[in-house]
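For the single chain, residues carry numbers from 1 onward in sequence order. Worth knowing before you read on, the calculation uses all heavy atoms, side chains too, and leaves out hydrogens, waters and symmetry mates.
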Amino acid sequence: MGGNAVVNAADTTKYCSGVTPGSAVGSNGIVTVNGTPDLDAPPGGSETQPGATYPSSMLLSDADMAILKSIAKASGTYYQGSQTWTSPPPSGLIFVDTTDGSVLSSSTPSANIPVVDIHGNWSAGENWSGWLVVAGTIQISGDVRLNGLIYAQNDVNLNGTGTGAINGAVISTNRVDTTSTTVADT
């Protein structure tokens, strides 16, 4: 966590029913903080929680991914390979698959792993809402506004500016490598 990033876990009105986070930022590995991020702990929790464990219900199984893939195909929001969006993509469920449609694993060739790059300086009122599920890596930078679930089976790298925001949950599972997920700036 770096720069001027803001993670507010103190606002209990944003929690899903029956779910209380243990920290503003948690990792089953190391949490490193640099710069001046604003981390607001949940009631009774902490700002950071390294070595955290998470319920398996927070992770999508291969069967879950297959169902989401089929829904996205039926909706016309299924993509294969790397994608770049400089303005909001269609709202709803978006599924970005490996280039060959195979299940992402630690043995997947790097050429088959998609990188979804979302960046730009979206104008006021431009935003995206839904679930973004990627069998690979997600990079988000610039002044963008995303609402919902951001789910990467590999890494998530966030580097926002201006009034950009993610309202919802960000989950990365690092299936392929041990490169850390990063959150920087606002």
Side-chain angles (χ1 to χ4, degrees), residues 7 9 13-21 25-28 52-120 122-123 125-160 164-177 179 181-183:
V7 178
T13 65
K14 305 284 187 196
Y15 295 174
C16 293
S17 178
V19 177
T20 303
V25 176
S27 171
N28 62 358
T53 58
Y54 299 97
S56 60
S57 61
M58 289 184 69
L59 304 179
L60 297 172
S61 68
D62 290 343
D64 295 331
M65 294 290 283
I67 291 169
L68 292 172
K69 180 191 298 194
S70 68
I71 293 169
K73 282 182 175 182
S75 301
T77 54
Y78 170 79
Y79 303 88
Q80 281 186 275
S82 295
Q83 303 293 316
T84 299
W85 291 305
T86 58
S87 60
S91 287
L93 169 65
I94 293 176
F95 190 100
V96 180
D97 208 351
T98 57
T99 58
D100 62 359
S102 65
V103 173
L104 185 72
S105 72
S106 60
S107 62
T108 299
S110 59
N112 288 358
I113 302 171
V115 175
V116 173
D117 179 15
I118 302 172
H119 68 274
W122 298 359
S123 46
E126 278 191 306
N127 63 60
W128 173 85
S129 297
W131 281 26
L132 173 59
V133 180
V134 178
T137 296
I138 301 172
Q139 298 177 163
I140 301 171
S141 62
D143 191 358
V144 301
R145 286 162 296 288
L146 308 170
N147 302 300
L149 173 65
I150 308 301
Y151 189 95
Q153 285 190 307
N154 199 36
D155 304 321
V156 175
N157 298 301
L158 306 172
N159 189 8
I166 296 174
N167 297 302
V170 178
I171 298 173
S172 75
T173 65
N174 295 94
R175 272 194 177 197
V176 177
D177 54 38
T179 303
T181 288
T182 59
V183 179

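Checked by atom type and distance alone, the side chain of T108 never pairs as donor or acceptor with a backbone atom of L104 at under 3.5 Å. For N112 (side chain) and D100 (main-chain N/O), no donor-acceptor pair under 3.5 Å exists by modelled atom type. No donor-acceptor pair under 3.5 Å is formed between the side chain of Q153 and the backbone N or O of G136. With R175 contributing its side chain and A135 its backbone, the two residues share no donor-acceptor pair below 3.5 Å.
Contact record, T99 with Q80: O-NE2, 3.1 Å, taken as the closest heavy-atom pair. Scanning both residues, E126 and S87, for their nearest heavy atoms gives OE2-CB, 4.4 Å. In this structure, W122 and V144 approach most closely via the heavy-atom pair CE2-CG1, 3.4 Å.
Two residues are said to be in side-chain contact when any heavy atoms from C-beta on lie closer than 4.5 Å; H119 and T84 meet this criterion.
Here the straight-line distance linking atom CG of L149 with atom CG of L60 works out to 7.0 Å at 0.5 Å rounding. The distance from the CD1 atom of I140 to the CD1 atom of I166 is 4.0 Å, given to the nearest 0.5 Å. Here the CG-NZ distance, from L93 to K69, works out to 12.5 Å after rounding to the nearest 0.5 Å. In this structure, CG on D97 lies 7.5 Å from OG on S102, to the nearest 0.5 angstrom. Rounding to the nearest 0.5 Å gives a distance of 6.0 Å between OG1 of T77 and CD1 of I94. Considering OH of Y151 and CG of L59, their distance stands at 4.5 Å, rounded to 0.5 Å.
Between Y79 and W85, the two ring planes are perpendicular [angle over 60°; tilted spans 30° to 60°].
Between D155 and N174, the side chains place a donor N or O and an acceptor N or O closer than 3.5 Å (distance only, hydrogens not considered).
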